[in-house]
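Below is one structure, written out as structure tokens, with a few remarks after it.
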Amino acid sequence: MFAIPTADPLPLPSPPWLLWALLMLTFLLHLIPMNIVLGGSIISAVSRFRQNDDARRLAAWFGKLMPSAVAATITFGVAPLLFVQALYGRLFFSSSVLMARFWFAVVPILIVAYYGTYLISFRGEKVGKVLTPIVALLFASVAFIYCNDMSFMLRPQTFLGRYLADARGVQLNVTDPTFVPRLLHMLLGAIAVAGFVVVIYGAVKRRSDVRHGEWALRHGALWLAGATALNVATGMWWLLALPRDVILRLTPAWLAAGIVFSVITFALILAAPHRRVVWSGLALLATLVTMIFARDDLRRAMLDTAGFHLVTRTAPQWDVIALFAVLLVAALGISGTMVVGLLRARPAPS
Ligand code: HEM
């Protein structure tokens, strides 16, 4: 016997399919800069310790990029947070209450890490060696907390017992057999995406500095391919750690498509990184989209087996939804312009 918290008596402000579609879209918008921040800080932490001028130049470039990428991650994190709350609020709030102290810790951790990225950006070499690994660790700890919450909310059958056992908000979901493979899969996925950012950096640099550009193309391709190869193992581990009745409810097409696209990305990037940047970028984007759907499908299957049903009462607020759509398009346009500006920017004279 377990209790899923009862639904709020309030209707949803939009049809559930629209909230779901916006959750998928805005999570993709969060995922891309988040992977650059998380994977990029890990790649630059490793690069800081290499006795190689190319690696040091790459770490310095990541250092300059990081403050903008953190701002984009946080801003684009707010929208999926709203849609997760609207659709799964009673699960998400319950798991967040059970791990409240860790959940609240995200804000100070992010503030310290964000300051750290500015210090690295302004002071470069002087502080980079010490601060970059610390900042990478702080971002990884935010990912650790999010993975805990996102997997905890899928286990509503454990809420009551765990709350009665300890209501101080210090519980984590690390004993869940899916937790470790989930976290590793997220970390390696972030490294793969950041590896692709190094490939883009290499393709742009190659125009002015052929040797360094080609080094970066190869280096980024190796990070992407290595992380993707390892992710096949963590993905299988995650799948096999799921309860059998959940596995039987999954839609195999999403997983199959994700695997096919990741193999295509892997092959394209290793075959000829300099000639296949656009195609491997598209294949990587397709991998991310299909993996987002697979992750959502897993959430549906887990919650089905737990007996959870979405609220279906709706009272659509179309004027607010239209305003949101206009602002989203404007935000995408402005962000796109900023990315192009960043790629074309010349370094300021020191
Ligand atoms: C640099 C800091 C951040 C990192 C490294 C990070 C990392 C992550 C990771 C790894 C996940 C996937 C968790 C899983 O599925 O197990 C995730 C999901 C999520 N993040 Fe972030 N995050 C960051 C900042 C934020 C912020 C500031 C917000 C909100 C303002 C946010 C909102 C979300 C939401 C709502 C989801 C779940 C979406 C869904 O379930 O569909 N994130 N994040």
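Whatever order the structure lists them in is the order used to number ligands and atoms, beginning at 1.
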Can you pull out the closest protein heavy atom to [atom]? Residue, atom name and distance to 0.1 Å, please.
{"atom": "atom 16 (O) of ligand 1", "answer": "R182 NE, 2.6 Å"}
{"atom": "atom 39 (C) of ligand 1", "answer": "R295 NH2, 3.3 Å"}
{"atom": "atom 18 (C) of ligand 1", "answer": "F27 CE1, 3.5 Å"}
{"atom": "atom 12 (C) of ligand 1", "answer": "M186 SD, 3.9 Å"}
{"atom": "atom 27 (C) of ligand 1", "answer": "L110 CD1, 3.7 Å"}

Report summary line: side-chain contact (heavy atoms from CB on, under 4.5 Å) with F62: of T117, V198, T132, I120, only one passes, and it is V198
Query raised in the report: Hey, does M24 sit under 4.0 Å from ligand 1 if you only count heavy atoms?
Result: no
**Report entry** Side chain proximity check, T178 to H185, heavy atoms < 4.5 angstrom
**Finding:** no
Query raised in the report: So, do P156 and L303 sit near enough that their side-chain heavy atoms are less than 4.5 Å apart?
Result: yes
Report task. Evaluate side-chain hydrogen bond (donor to acceptor under 3.5 Å, both in side chains) for D176 paired with S151, printing each intermediate quantity in order. Result -> CA-CA 8 Å; D176 182 330; S151 56; 4.7 Å; no
Mode of [X] contact toward ligand 1 - side chain, backbone, both, neither (heavy atoms, under 4.0 Å):
{"X": "L23", "result": "side chain"}
{"X": "V78", "result": "both"}
{"X": "F139", "result": "both"}

Query raised in the report: Within a radius below 2.8 Å of atom 21 (Fe) of ligand 1, how many protein N, O or S atoms are present?
Result: 1
Only heavy atoms of [X], strictly under 4.0 Å: list the atoms of ligand 1 that pass.
{"X": "M150", "value": "13 (C), 14 (C), 15 (O), 16 (O), 36 (C), 37 (C), 40 (O)"}
{"X": "R299", "value": "39 (C), 40 (O), 41 (O)"}
{"X": "L81", "value": "29 (C), 35 (C)"}

Query raised in the report: Any chance the side chains of N231 and T234 put a donor and an acceptor closer than 3.5 Å?
Result: yes
**Report entry** R182 and M150: CA distance, side-chain angles, deciding distance, side-chain contact (heavy atoms from CB on, under 4.5 Å) verdict
**Finding:** CA-CA 10 Å; R182 183 176 188 130; M150 294 302 146; 3.7 Å; yes
Query - Distance-minimising heavy-atom pair for M99 and Q171 - result: CB-O, 2.9 Å
Query raised in the report: For the residue pair W215 and H212, does the interplanar ring angle fall in the parallel (under 30°), tilted (30 to 60°) or perpendicular (over 60°) class?
Result: parallel
**Report entry** Aromatic centroids of F179 and F144 separated by under 6.0 Å
**Finding:** yes
Report task. Could you walk me through whether R56 and R50 pass side-chain contact (heavy atoms from CB on, under 4.5 Å), step by step? Result -> CA-CA 7 Å; R56 268 195 241 120; R50 293 190 57 193; over 6 Å; no
Determine all donor-acceptor pairs shorter than 3.5 Å in which one atom belongs to a side chain in residues 323-341; sequence neighbours excluded.
{"unit_1": "S335", "atom_1": "OG", "unit_2": "A331", "atom_2": "O", "d": "2.7"}
{"unit_1": "T337", "atom_1": "OG1", "unit_2": "G333", "atom_2": "O", "d": "2.7"}

Report task. Measure the CE-CG distance between M24 and D296 for me, rounded to the nearest 0.5 Å. Result -> 3.5 Å
